[in-house]
Amino acid sequence: MAGHIRINTSGSFGNHVLAPLIPGFMALHPNVSLEIFHTDRVIDLMEERADVAIRAGPLKSSSLTARKLGATRNIIVASPDYLRKHGTPHSAAELAKHCRIGFAYSRAIEGWPLLIDGEIATVPATRSLQVGDGEAMRHLALAGAGLARLAAFTVKSDIAAGRLKPLLEEFNSGDIEEFHAVYIGQGGPLPARVRALLDFLRENVHL
């Protein structure tokens, strides 16, 4: 089996999940070449000539076919340095005093959903500091720029190492973000190299 696969994914998924798996896939399929590009925006697979896109969140109805790869919850985090300078929030009301780093593009769920008195309330992010991708948000949080709400798999090692601290977990709404591998076609024949990649991801992605 030989050929070329063009993959689109977010920087967060690409760096924390996909990159560690690539050597294993290439060892199994040495004649398949890969091209990986990162963007958090939803792309047109035909226009971008992507064979596979890995997307987070609910899928819109389309002519694309999807395979679920896993799901993750989201966590509010901040660096110890930020918390030393600005204090640690202990309630949703206290978030108003803090910089809440936001995304600079439309998302399925805008703001931060929190469980307050048994009801879901949404706290908006700060408009004065917004970013275009999750990895940029993570690095800003690490640098002490503010609080961030990120997928658990992206900050797991940072929390374990003490670089970031989880916050307000008792108010976590428990919302789950699903990840899918999306490709063109609806059950028809796929190139062997693309099918091999999809099977590999389904077996090896653990969020």
Side-chain angles (χ1 to χ4, degrees), residues 1-75 103-110 131-139 148-160 173-207:
M1 182 174 59
H4 184 73
I5 305 175
R6 186 171 166 88
I7 306 168
N8 169 269
T9 184
S10 67
S12 293
F13 190 95
N15 285 308
H16 295 279
V17 181
L18 186 60
L21 297 178
I22 290 302
F25 179 79
M26 297 188 73
L28 289 172
H29 306 286
N31 295 321
V32 175
S33 61
L34 300 176
E35 183 180 0
I36 303 168
F37 59 107
H38 293 168
T39 178
D40 276 30
R41 68 182 177 86
V42 176
I43 66 161
D44 183 309
L45 269 68
M46 290 289 288
E47 184 177 319
E48 299 288 343
R49 297 181 295 108
D51 296 294
V52 176
I54 299 170
R55 294 179 177 167
L59 294 173
K60 295 180 180 179
S61 177
S62 72
S63 60
L64 303 178
T65 304
R67 286 194 189 183
K68 183 178 176 180
L69 298 179
T72 186
R73 69 189 192 98
N74 292 285
I75 304 174
F103 285 106
Y105 58 89
S106 178
R107 290 167 59 82
I109 299 176
E110 296 289 351
V131 296
D133 64 85
E135 272 301 275
M137 181 178 289
R138 172 177 165 268
H139 282 289
R149 186 173 187 268
L150 292 162
F153 69 83
T154 68
V155 294
K156 178 172 58 177
S157 61
D158 296 319
I159 291 172
S173 66
D175 61 303
I176 297 297
E177 192 167 50
E178 295 185 345
F179 282 78
H180 294 85
V182 183
Y183 52 97
I184 296 172
Q186 298 196 352
L190 279 173
R193 62 187 184 278
V194 175
R195 185 174 298 280
L197 175 67
L198 293 170
D199 290 343
F200 180 85
L201 292 176
R202 185 171 56 185
E203 293 171 6
N204 291 281
V205 169
H206 304 290
L207 299 180

Just list the side-chain donor-acceptor pairs under 3.5 Å for residues 25-32, sequence neighbours left out, or say none.
none

Can you give each donor-acceptor pair under 3.5 Å made by side-chain atoms of residues 196-205, sequence neighbours left out, with the distance rounded to 0.1 Å?
{"residue": "D199", "atom": "OD1", "partner": "R67", "partner atom": "NH1", "Å": "2.7"}
{"residue": "D199", "atom": "OD1", "partner": "R202", "partner atom": "NH2", "Å": "3.4"}
{"residue": "N204", "atom": "ND2", "partner": "F200", "partner atom": "O", "Å": "2.7"}

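Residues H38 and T9 meet the side-chain proximity criterion, which asks for heavy atoms closer than 4.5 Å. Side chains of I75 and R73 form a contact here, defined as non-hydrogen atoms less than 4.5 Å apart. Side chains of F179 and V17 form no contact here, defined as non-hydrogen atoms less than 4.5 Å apart. Inter-residue side-chain proximity for H16 and E135 is flagged as met; some heavy-atom pair is nearer than 4.5 Å.
Without hydrogens or angle criteria, D40 side chain to G134 main chain gives a donor-acceptor distance under 3.5 Å. Checking side-chain atoms of R138 against main-chain N and O of V155 turns up no donor-acceptor pair under 3.5 Å.
Minimum interatomic distance between A152 and T72 (heavy atoms only, all atoms of both residues): N-OG1, 3.4 Å. Between V131 and A136 the shortest heavy-atom distance is CB-CB, 4.0 Å. Closest of all the heavy-atom pairs between L207 and G70 is CD1-C, 3.7 Å.
Remark: R6 CZ to E35 CD distance equals 4.0 Å, nearest 0.5 Å.
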